[in-house]
Amino acid sequence: MEVALGTAGWLVGKLVDLLSAELLKALDESYNLGGNASAIKTELLYTQGLLHKAQGRNVAHNPALAELLQQLSQLAEDADNVLDKVDYYRIRDYIKRTHEAADDDQVDGLVRRSILHTRHAVGKCCRSLASSLSCRGSTAVDAEFFNRSIVSERIKSLMAQMQPLCAKISDFLKLEVMNPKHRTTAAFSERVTTTTSTSLEANLYGRQEEFYAATKEITGSRDGLTVLPVLGPGGIGKTTFTQHLFHAERVKKQFHVRIWVHVSLNFDVLRLTREIFDSIDSSEVSWRRRRGNEREPHNLEQLQTLVERRLQSKRFLLILDDMWSCDSEYKWDKFLAPFRKTRVKGSTVIVTTRSQETADMVKSENDMLIRLGGLDPEAFWVFFLACAFGDERPGHHKELLDLGREIVKKLRSSPLAAKTVGRLLKKDLTRRHWCRVLDSKEWEHGNSVNDIMPALKLSYDCLPFHLQKCFIYCALFPHDYQYQDSELIHLWSALGVINCSRQDGRIQDIGLQYIDGLVNNGIFQKVDGVKFSHKKGREVKHTYYVMHGLLHELARIVSSRECHSIDSSNPRFAYTPPSIRHLSIRTTCTSDTVGVDHYQNFKEEIRNLKEQIRVANLHTLMFIGECDERFCEAFKEILQDIKHVRVLRLFQTTLEFLPSKLIHLRYLRIQASKRTMNTQLKLNRSVTQKWDKFRLMMGETQTPATNDPQTSLPSSLPEYYHLRFLDLQDWTGMTAVPKHMHTSHLIYLRQFLASKELQSSVARIGKLKLLQELSEFQVNREDRAGFELQQLGELRHLGGALTISNLHKVKTRAEAEKAKLTLKRNLVRLKLVWNETGREQTEEEANSIEGLQPPANLRELCIKNHKGNTCPSWFDSTISLKRIEVLHLHGVSWNTLPPFGQIPYLWKLKLENIAIEKFEERYENLENLKSIEFIDMPNMEKWVSRNTWHLFSQLEQVKVSNCPVLTELPFSCDFQLLQTPDAQERHIFRPDLQILRVIGWRTSQASPVEHKRMILKTNLHELIVRDCPQLFLPLMPYTTKLELAEGARHPYKLLYNTYTLEIRGVDNILFALGNLDSVLAFHDMEWLVRVTIKVCSSVPLATLQKLKSLETLAIEDCISLSSGRGENDDIQIPIKHLVLRNCYITGKELSEILVCCPCLSHLEMEDCKGITGLCMQQSSHEMDDDDNDIDGMLEFPSQFASSLSRLGIFSRDHLTLNVKDEVLKKLMFLQWVQLGGCVLSCAAMQAVHDDLPLMNNLKALRAYGYDIYDLEEDRLMTRMARTVVAGSMQLEELDIGSISGVLAARICHRLSASLRRLTFRNDTMVQHFTEEQETALKLLTSLQELIFYGCNRLLSLPSSLRSLRSLRRLEVSYRQLQGYSPEIEEQCNNLRRHIPEVVLTCIPLI
């Protein structure tokens, strides 16, 4: 009911705003409604006041009031639809200049206010919206004819119904407001459990790391008061964690006084101070007994004085548990004042909270923050068992453990969820009861304050109403969705949650505030990740938001009357309330994994949905994921019926099904279908025939569209006059807007997200006056009308990044000034581009740049190919560039570069393709510079710095590329750099990895002996030098701050990235690496853990042994390889991992290298043809002279018997391998072995007997051929694998080429308790499974993942798969055009009901 009151109050307020004086007048003139509208406005004002006063009251007991509020919501929705339609046709008349067209002032005034106000009726209805009124259909209007008399009668009818309804609601609210008993605050407080310091959990699960960090923090001896926030969502275990911390022995000994206070919703300074005062020192409980003649303190002043006096000489620990919020920092400081006056070091306040904002407020800059998330899977499993079995031993109920694992997946690692469901499960330890709990999700419906959903709902109930609306719309997205800020903001704005009409600020800014509000309240978690950008060809920073699975489930529950989501992979045919207004459909299956039956089930689900709700009433319709043409046919049934939709997110292949008019549409997103059946499903003819037969049976004859690059935007797009947001970021159709399409009619468009090509093709874009972002504008594009520079002048709200190209077509400064760039205060990045080629510019044309002065708030500026002789005068202005942080000059012809020192906040400078001979700067003018780049500077010889010392104390990034005559950088001459601690001379070398700790300094008067050495603090993180053949640099050791470095010298390139170093031959030219001491200061590379060497002929072992922290050495693409180790050399490299790929190294050569690696534990070789055998070192003399290739035999040193744990050999060329039986016998510490693509020689199998197990400690064995068609070859590998399996006690993973070789009762019985993953790879023999094989498969009771890869002759799957209760994933991968089986596809579809993940996929042809 609180939500209903909030909804009604918000809704009525918007209706009051809607009926403004101007609108009342306009409606009276056009529809003769002024009198009725004024009367109801008065009534609404009165109702609005009562609703506002009723906030904070508990009216949940009044179902009659709830019904009236629901009716009000229904009427408001109808009113919104009607007024929105009125507004739509007013805009149409204006655009088409009809006889009733309004002038510009009317559009900017009346229409804009009408739009901004009336859209708020969308989504303002409470969650209990009932079905729409039966008379709603009467508002239908012909596409080209708008009957004003019908609309007038409809508006009068709605107002007539609202007037008595508002009166009744007012009467109810008078009674409620006058009754003091019904206060929401009291009822709300009853739902909050008061906590104490006594924990109900005997053990603390999975928090050892955080517990150790917190204990160390609070028991340290820091000056002043320490405040330690413990942050996490509801039910995550903050209180339990703090209780264990409170009672830890180390903590007890540290603090003289320990106090626990439960804060809850209301941060009352007086109440909390009194509770703390009463808790201090239990021996002083009786105030009057100790202070017989003193009066008990009553006000805050007295309490704080006494608290200060009693704590000033004691070290105390104060716990403020469950602190929801604090109104202001002033209130927090006021509360904390007496505690900060303690005279003893180390006193601590711990605050547990759900709110990020609260945590940030209470902690100081140096304080730690403990962030608690879900428990890790193993710890959570142990905790769940404790909750579910109590005093019972889980081992006595093994039949329940598989169900327990399924339940645990749904609990999202939440401790409170585990306790909630544990209470239900331990009532009855039977499979029937546990299955019922699993299927019903009974724990979601618990009413106790200690249950998970009521506990989480407190977080929802404490949100402001607008954030509650934002939260419930998140239920439309999948539970694991990565929310983007732009799509959330567009959705909320289109549904009326965000309204700029009465607020200062842009929609984007307000939306980001809402998102921050959800983050601060623990609903969202912000993630700063990376993603691959196809546009930039590299990974870029990517910020998104995630929501805990249980919070997403809460959103689904609280929005269940309003929002509904369908997953195409799991049709449910469940009841759907007719009040649903927001629908999302998730499509995750594509045509190569989903069968015809599954598609038919989904289509039936859509039909079932249409019978329960009116699609025409939907305000939101979103398709999320991927789809093929089959789904498009199902979507057709929905798309053709939508009528009142405000938000539409659909696939490109469904555009043909759009209705011609979408009057209310605010947000349209068109995305590519990702995968289409025609291009991806290349199976044999039987699949195509089966699909065609089904389509004909269903009466579907039209072939749906695909992701055709020639697909045009929908022709009806220019008539979506209410459209605010158009998202075409995933569009794969035509890259230009058709010339005949008048997208300039979308006069209320704010965001147009699309490629630069698509955006720059919009003619007369100046008519889109509200547009907030435009990535590129092409002046006089194709010499067409509508692309004049003055079009930009109309776009005053532009922000973000803007590129203006074709500026060579601008002839005068006056023409350039028409862009009005200085007025675009929201612009962040600006790029001005002239044509690189063509005729020289006249003086007047070159002077046009003076009219392109950027706005004062600009952050980044790029000027490209300006051919004038002087830089623009606005570079000298103290105002125009005062905020510039990034400046990029490319191909300019200026005689003198701008005064960079007059740009106070410049931190990045990039100069590219500029004909200067020397770059000179002064530190005092570049005090904030952190990055500098010189790219393609053909004439630049020197970079001179007058104060290198200070410059390099702040510079973090230096990039120099393709500067052929550059000979000098600042640190080339001004520093003497220390190569070794005892170095006496300076080392110079050509352009390579030069990093960092610059240690020398000299003056021009000092002699070499008198050079004063000083350590220079440097922040350089990245140094890249490429294609600078004349550049000399002193040898520099690097520091821990360096994150990336690259240098190239003939004939190799060096790449460094934090803890790794790569040495690579240039242009695939084989080179001898030689002595790297002349290139790199290895003695200072104490943090280097990985070295990769590519395209070389020798490994510098003597140098590598200097790297004491080196763990991994990778050698790749080396045709010939030698260790470079002399006979008398005693070299030891500390590596643990050695990886060789595509190296023609002989076994003898590799044996020499292995001797130098006494700590080696992992050895992996891929496509190393020179290694033909494996043996132990001490047995090499026993090899016969007749052995085919003694040089190819790899000898393992004897110490490997106790150190080598991982051995991998893989070949794509049928490598014949002679493996001595002693290898597997003596390498007893091996846990992982791969012999992939190998053929075992007959000699290697002579000592192998099927009945004699080879004892081992393997956990993973991969033994298979690579496209082996020789039965004898396959049998030899299988024999070896069987002997290994027979001697294994803990094998968890088996990857083998023979199905029949493993599926035997004796082998499977051995593996039953341990095997988790089984892969059958490239078996070319088995077609069907025998009864014996089916029986053997059932013995694998621990199997969780089963894979059939490239088994081309396999026609059916084992029927016993359903009986493997532990199986979580099944994958069948067949080779394209060879191994597809319709029977297997049908079996996979059926198995999806029993196995959580079933994948049927095609191995592409290479």
Side-chain angles (χ1 to χ4, degrees), residues 1059-1060 1086 1088-1093 1099-1115 1121 1123-1125 1129-1141 1143 1145-1166 1168 1171 1173-1183 1192-1210 1217-1236 1238 1244 1254-1263 1280 1283-1284 1287-1293:
Y1059 300 112
T1060 67
E1086 56 192 62
L1088 199 64
V1089 295
R1090 180 184 177 94
V1091 172
T1092 301
I1093 300 173
V1099 181
L1101 297 182
T1103 302
L1104 293 178
Q1105 71 174 343
K1106 298 177 182 179
L1107 301 174
K1108 303 302 181 184
S1109 299
L1110 188 63
E1111 295 182 359
T1112 301
L1113 174 62
I1115 305 173
L1121 200 63
S1123 67
R1125 172 175 173 264
D1129 291 343
D1130 184 13
I1131 297 176
Q1132 289 193 345
I1133 308 175
I1135 61 171
K1136 298 177 182 178
H1137 305 167
L1138 177 60
V1139 180
L1140 296 100
R1141 294 191 179 96
C1143 296
I1145 182 174
T1146 66
K1148 184 177 181 180
E1149 291 172 338
L1150 182 55
S1151 300
E1152 293 179 4
I1153 295 177
L1154 295 185
V1155 171
C1156 303
C1157 308
C1159 302
L1160 196 70
S1161 60
H1162 292 189
L1163 175 61
E1164 298 181 33
M1165 296 168 282
E1166 181 178 327
C1168 296
I1171 298 172
L1174 307 177
C1175 71
M1176 297 303 294
Q1177 187 177 35
Q1178 62 267 32
S1179 64
S1180 60
H1181 65 277
E1182 300 174 1
M1183 288 188 294
M1193 185 64 69
L1194 173 60
E1195 302 178 14
F1196 292 115
S1198 57
Q1199 66 265 27
F1200 277 24
S1202 59
S1203 65
L1204 196 66
S1205 61
R1206 185 181 180 100
L1207 173 62
I1209 302 176
F1210 179 81
L1217 204 59
N1218 182 5
V1219 182
K1220 300 295 184 180
D1221 64 319
E1222 67 209 24
V1223 173
L1224 294 178
K1225 288 180 180 179
K1226 294 186 178 182
L1227 297 179
M1228 290 301 295
F1229 277 78
L1230 275 178
Q1231 295 185 353
W1232 189 94
V1233 170
Q1234 176 178 11
L1235 298 175
C1238 301
L1254 186 60
M1255 303 307 295
N1256 61 84
N1257 293 305
L1258 286 181
K1259 291 187 177 180
L1261 173 63
R1262 299 179 179 181
M1280 185 278 295
T1283 60
V1284 172
S1288 175
M1289 298 296 295
Q1290 52 187 2
L1291 196 67
E1292 297 177 359
E1293 178 186 345

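Heavy atoms only: backbone and side chains are in, while hydrogens, waters and symmetry mates are out. Here, residue 1 is the first one in the sequence, and each next residue gets the next number.
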Undergrad: Testing Leu1194, Leu1217, Val1219, Leu1140 one by one against Ile1209 for a side-chain contact (heavy atoms from CB on, under 4.5 Å), which residue passes?
TA: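 Going through the options one by one, the only one that passes is Leu1217.
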
Undergrad: Going from CD on Glu1111 to CD1 on Ile1135, what distance comes out if it is rounded to the nearest 0.5 angstrom?
TA: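 Here the interatomic distance stands at 11.0 Å.
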
Undergrad: Where is the tightest heavy-atom contact between Leu1227 and Phe1200, given as atom of each residue plus distance?
TA: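 Heavy-atom minimum between the residues: CD2-O, 3.6 Å.
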
Undergrad: Within the structure provided, determine whether Thr1092 and Thr1060 are in side-chain contact (heavy-atom separation under 4.5 Å).
TA: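 SC-SC contact between Thr1092 and Thr1060 ruled out.
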
Undergrad: CD1/Ile1153 to CD1/Ile1133 distance, rounded to the nearest 0.5 angstrom?
TA: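 Between atom CD1 of Ile1153 and atom CD1 of Ile1133 there are 8.0 Å.
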
Undergrad: Could you tell me if the side chain of Ile1115 sits less than 4.5 Å from the side chain of Ile1145, heavy atoms only?
TA: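 Ile1145 vs Ile1115: side chains apart.
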
Undergrad: Compare every heavy atom of Ile1171 with every heavy atom of Met1165, then report the nearest pair and how far apart it is.
TA: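 Closest pair (atom of Met1165, atom of Ile1171, distance): SD-CD1, 3.2 Å.
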
Undergrad: Within the structure provided, determine whether Leu1154 and Leu1138 are in side-chain contact (heavy-atom separation under 4.5 Å).
TA: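 The answer is yes, as the side chains (C-beta and beyond) meet within the 4.5 Å cut-off.
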
Undergrad: Is Glu1293 salt-bridged to Arg1262, cutoff N-O under 4.0 Å?
TA: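 Between Arg1262 and Glu1293 there is a salt bridge, with a charged N closer than 4.0 Å to a carboxylate O.
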
Undergrad: Does Thr1112 reach the main-chain N or O of His1137 with its side chain, forming a donor-acceptor pair under 3.5 Å?
TA: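 No, the answer is negative, given that no donor and acceptor are paired below the 3.5 Å cut-off.
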
Undergrad: Tell me the closest heavy-atom pair linking Ala1260 and Trp1232, and the distance in Å.
TA: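 That would be CB-CD1, 3.2 Å.
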
Undergrad: List the atom of Leu1174, the atom of Met1193, and the distance in Å for their closest heavy-atom pair.
TA: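 Minimum heavy-atom contact is N-SD, 3.3 Å.
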
Undergrad: Within this structure, what is the NE2-CD distance for the pair His1162 and Gln1231, rounded to the nearest 0.5 Å?
TA: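 So the gap between those two atoms works out to 8.0 Å.
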
Undergrad: To the nearest 0.5 Å, tell me how far Gln1132 CD sits from Cys1159 SG.
TA: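 Here the interatomic distance stands at 7.5 Å.
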
Undergrad: Does a side-chain heavy-atom distance below 4.5 Å link Ser1161 with Ser1205?
TA: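 Heavy-atom side-chain distance check passes, below 4.5 Å.
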
Undergrad: Would you name the heavy atoms of Gln1199 and Pro1158 that are closest together and state the gap between them?
TA: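 Smallest heavy-atom distance, with atoms named: NE2-CA, 4.0 Å.
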
Undergrad: Looking at Tyr1059 and Leu1088, what are the two nearest heavy atoms and their distance?
TA: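 What the structure gives for the nearest pair is O-CD1, 3.5 Å.
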
Undergrad: Less than 4.5 Å apart, side chain to side chain, heavy atoms only: is that true for Ile1093 and Leu1113?
TA: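 Yes, their side chains come closer than 4.5 Å.
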
